[in-house]
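Here is the structure we will look at.
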Amino acid sequence: MAVGETPVTLVGTVLSDLSTRKVGNGHHVASFWVRSHERRRDKETAEWVDGRQLTARVTCWRRLAESAGDSLVKGDPVIVFGRLYTREYTHDGQSKSLLEVEAYAIGPNLSRCGAVVRRKGRPEQPVPLWEENGEGEVSRALSPGEGMNAA
């Protein structure tokens, strides 16, 4: 990161369909909106209520843009890490601004969903199997080639 950048980690939900395209130099770019809102417990009613919210446009480039376009859809819970800035523009003669995050990394929020990792450029790995040991404990079964003797 450059001096003076504002790093941010945004935990939220994909709010829009992803827009993906190739730009003049052949690089991919993807953009979408993310909303983050706090949930807090109201002490008087003892119920969860929505609190303040933040909406930001997320832009990502190259391989991250390709992966985001292949993986994310509206409504997905995500964690976005990148640099935060304000983009200025003019609309109908009015000067406006919006929050934008140029993402360095994007991932699913595993506290709200499950995910299977697929690595680009590598052969497909077997999906891990889970097994119960008979005493109610669940553990991951080793895939072929795993274990202490795997080289």
Side-chain angles (χ1 to χ4, degrees), residues 1-21 23 27-122 124-143 146-147:
M1 285 197 191
V3 173
E5 285 187 349
T6 305
V8 65
T9 301
L10 182 61
V11 178
T13 304
V14 176
L15 196 58
S16 67
D17 292 326
L18 273 73
S19 167
T20 57
R21 65 187 189 284
V23 291
H27 294 299
H28 287 85
V29 61
S31 58
F32 56 97
W33 290 89
V34 169
R35 174 166 294 150
S36 176
H37 67 276
E38 65 184 25
R39 297 275 293 162
R40 59 182 176 77
R41 189 121 171 124
D42 186 308
K43 292 178 183 178
E44 294 175 11
T45 65
E47 292 186 17
W48 288 97
V49 295
D50 288 337
R52 297 169 292 194
Q53 63 183 14
L54 173 79
T55 303
R57 184 164 179 83
V58 175
T59 303
C60 51
W61 296 86
R62 299 176 186 82
R63 188 171 177 180
L64 180 58
E66 289 181 65
S67 293
D70 291 343
S71 304
L72 299 176
V73 295
K74 185 176 180 178
D76 282 349
V78 293
I79 300 172
V80 177
F81 173 73
R83 66 182 179 119
L84 179 68
Y85 61 95
T86 305
R87 185 162 56 100
E88 308 290 334
Y89 66 100
T90 305
H91 180 72
D92 292 336
Q94 299 277 340
S95 180
K96 300 191 179 237
S97 63
L98 63 87
L99 282 179
E100 189 152 2
V101 176
E102 184 176 333
Y104 299 136
I106 301 171
N109 182 349
L110 296 179
S111 70
R112 295 184 41 216
C113 69
V116 175
V117 176
R118 290 176 296 142
R119 291 176 179 84
K120 291 193 177 218
R122 292 187 182 175
E124 284 294 317
Q125 299 294 315
V127 176
L129 302 174
W130 299 86
E131 60 185 24
E132 188 172 332
N133 67 359
E135 297 175 13
E137 294 178 2
V138 177
S139 63
R140 182 170 165 247
L142 295 179
S143 299
E146 284 186 313

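As the structure is a prediction and not an experimental result, all values here were calculated from the model.
- A distance of 8.5 Å separates NE2 in H27 from CH2 in W61, rounded to the nearest 0.5 Å.
- Judged by distance alone, with hydrogens and angles left aside, the side-chain atoms of S36 form a donor-acceptor pair with the main-chain N or O of V11 at under 3.5 Å.
- Contact check for I106 versus F32: side-chain heavy atoms found under the 4.5 Å cut-off.
- A donor-acceptor contact shorter than 3.5 Å links the side chain of R41 to the backbone of A46.
- Applying the side chain to side chain contact (heavy atoms under 4.5 Å, CB included) criterion to K43, with sequence neighbours excluded, gives no partner residue.
- In terms of heavy atoms, T86 sits closest to S97 at CG2-CB, 3.4 Å.
- Contact detail for Y104 and E5: the closest heavy-atom pair is OH-OE1, 3.2 Å.
- Between atom CG of residue L15 and atom NZ of residue K74 there is a gap of 7.0 Å, rounded to the nearest 0.5 Å.
- A 4.5 Å side-chain heavy-atom check between N109 and V78 finds every atom pair outside the cut-off.
- Between I79 and P108, the shortest heavy-atom distance links the atoms CD1-O, 4.4 Å.
- Within the model, atoms CG of L10 and CZ of F81 stand 12.0 Å from one another, a figure rounded to the nearest 0.5 Å.
- Taking OH of Y85 as the reference point, atom CD of E100 lies at 3.5 Å (rounded to 0.5 Å).
- Looking at D70, its side chain never comes within 3.5 Å of a backbone N or O of S67 through a donor-acceptor pair.
- To the nearest 0.5 Å, atom CG of residue L18 and atom OG of residue S71 are 9.5 Å apart.
- Between D50 and R39 there is a side-chain heavy-atom pair separated by less than 4.5 Å.
- Of all heavy-atom pairs spanning A30 and T20, the tightest one is CB-CG2, 3.6 Å.
- Note that OG1 of T55 is 11.0 Å distant from CG of L98, once rounded to the nearest 0.5 Å.
- Looking only at distances, a side-chain donor or acceptor of S16 sits under 3.5 Å from a matching main-chain atom of W33.
- For T59 against S31, the heavy-atom pair with the smallest separation is OG1-CB, 4.0 Å.
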